[in-house]
Amino acid sequence: MEESQSVRATAKDHAAFIAVTLLYWICLYIYVPILPLYVESLGATYSFVGIVLGSYGFMQIVIRLPLGIVSDRMRVRRPYMALGMLTGALSCFCFALTSHVGWTLAARAISGVSASTWVAFTVLYASYFAKHEATRAMGTISLMTVAGQLIGMGLSGFLADGWGWHATFWAGGIVGLLGFALTFAVKEPRGGVFRAPIRARDLTQVMKEPILLKVSSLSIMAHSILFITMFGFMPSYAEVLGASKFDLSLLVFAFMIPHALSSFCSGKWIAPHFGAWPTVIAGFVLSSLCTLAIPLLPSLGWLFVTQSLNGFAQGLHMPLLLGLAIQSIDMDKRATAMGFYQAVYAIGMFGGPFVAGWLNQWGGLASGFYLAAVIGTAAAGLTLYWGRREKEHQRLAA
């Protein structure tokens, strides 16, 4: 059951939450662009790099949904925000304090625990708003997510270039501790928009929804591509083309700024004009082409161009898949559907870089990008087929 809002959040409350959220994403993503290069520098094979990268998603598969259920039942969110900041800081310090390749796996897995607490952030922020303002709340928090990731990833190469690999990890750890301290300034309202605890019965029911299963499958594929490319082995290939650590920061901006712009425009203007399913198809096709081109590029400049287009393409379908996942779900089960959806797409975060790492070990860096291109092409085909089916069902139901 949802409770009516009894206490409105103040501007100070919003400021404290926004500060913690930005620090959370900075802490989680500040070392992402240099991570594959750092693990390789310790003597790891591509296959082990893939395992390290994939452990982030694996921990979310295991932890995210159970943690959300416990948080719902306890009706508290701030302790989980604090846990997210602490584990994020711990991940960074594990990287900073060691130079053994085995510890990189443990450190990255801990960051997956941190990422699993994100659901607590979103639910708490929704409690600052009246029920009819929930869309506004999610739009604001999505902007904070992109901003935090962009700041963190943008700082990554700059810090590593100026002060070495470990400077990036130390910075992330300090940011995490600062965010942990600020969680005590975050207000957890007694009223507000709370969601009912996820029940096994509801989970079983939403898992039977065909559209949710289809869109979740597409999201697995979308996150596989993202975590093979920009959040995976892209920095390694950029280095092959002669990129410095500072160039990695520029590559992040080249990808993330178009990604943020298209994420904002996709649901607001593009999908209403062209349709949600055609827009998702366009995103997958363009992303697949840009990824296929990576191993064929002659210079670093062309990598910047293709990844700007790739960032725009991936921003087209990511927010639309989120909307399609819940649009046919009853309002009282949407929170359960969202919990399922978020847990399922983490399979792509794990499976994409894991499989790509083994392929790269066998056939070189190009192999992983070819895999991502095949996944994008398959996703476009499935979207075309399922989109036509949905349109036909709607026509018959009219």
Are the side chains of [Y] and [X] in contact, using a 4.5 Å heavy-atom criterion?
X: Arg108; Y: Val39; value: no
X: Phe255; Y: Phe304; value: no
X: Leu213; Y: Phe340; value: yes
X: Asn360; Y: Ser47; value: no
X: Phe369; Y: Leu292; value: no
X: Pro235; Y: Ile34; value: no

Tell me which one of Thr21, Leu22, Leu23 satisfies side chain to side chain contact (heavy atoms under 4.5 Å, CB included) with Trp25.
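Looking at Thr21, Leu22, Leu23, the match for Trp25 under the side chain to side chain contact (heavy atoms under 4.5 Å, CB included) is Thr21.
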
Partner of Thr104 by side chain to side chain contact (heavy atoms under 4.5 Å, CB included), out of Val49, Val52, Leu53
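Among Val49, Val52, Leu53, the one that satisfies the side chain to side chain contact (heavy atoms under 4.5 Å, CB included) with Thr104 is Val52.
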
Ignoring hydrogens, what is the shortest heavy-atom contact between [X] and [Y]? Give both atom names and the distance.
X: Ala89; Y: Leu177; result: CB-N, 3.9 Å
X: Gly157; Y: Ser249; result: N-OG, 3.0 Å
X: Gly311; Y: Ser262; result: O-OG, 3.9 Å
X: His317; Y: Phe284; result: CD2-N, 3.6 Å
X: Met59; Y: Ala109; result: CG-O, 3.2 Å

Please check if the side chain of Tyr128 supplies one atom and the backbone of Lys187 the other of a donor-acceptor pair under 3.5 Å.
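Checked: pair present.
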
Checking Ser287 side chain against Asn310 main chain: does a donor-acceptor pair fall under 3.5 Å?
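Side chain of Ser287 to backbone of Asn310, a donor-acceptor pair under 3.5 Å: no, none is there.
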
Walk me through whether Thr383 and Trp277 qualify under side-chain contact (heavy atoms from CB on, under 4.5 Å).
CA-CA 7 Å; Thr383 306; Trp277 290 97; 3.5 Å; yes

Answer yes if the ring centres of [X] and [Y] are under 6.0 angstrom apart, and no otherwise.
X: Trp269; Y: Phe274; answer: no
X: Trp118; Y: Tyr24; answer: yes
X: Tyr341; Y: Tyr345; answer: yes

Among Tyr31, Phe169, Trp170, Trp103, which residue meets the ring pair (Phe, Tyr, Trp, His ring centres under 6.0 Å) test with Phe93?
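Filter result, single survivor: Trp170.
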
Single-linkage hydrophobic cluster, 4.5 Å side-chain cutoff, [X] and [Y] together:
X: Phe180; Y: Phe95; value: yes
X: Val374; Y: Leu384; value: no
X: Leu248; Y: Ile151; value: yes

Using the ring of each side chain (for Trp, its six-membered ring), is Tyr125 parallel, tilted or perpendicular to Phe17, with breaks at 30° and 60°?
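If you compare the ring of Tyr125 with that of Phe17, the planes turn out parallel.
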
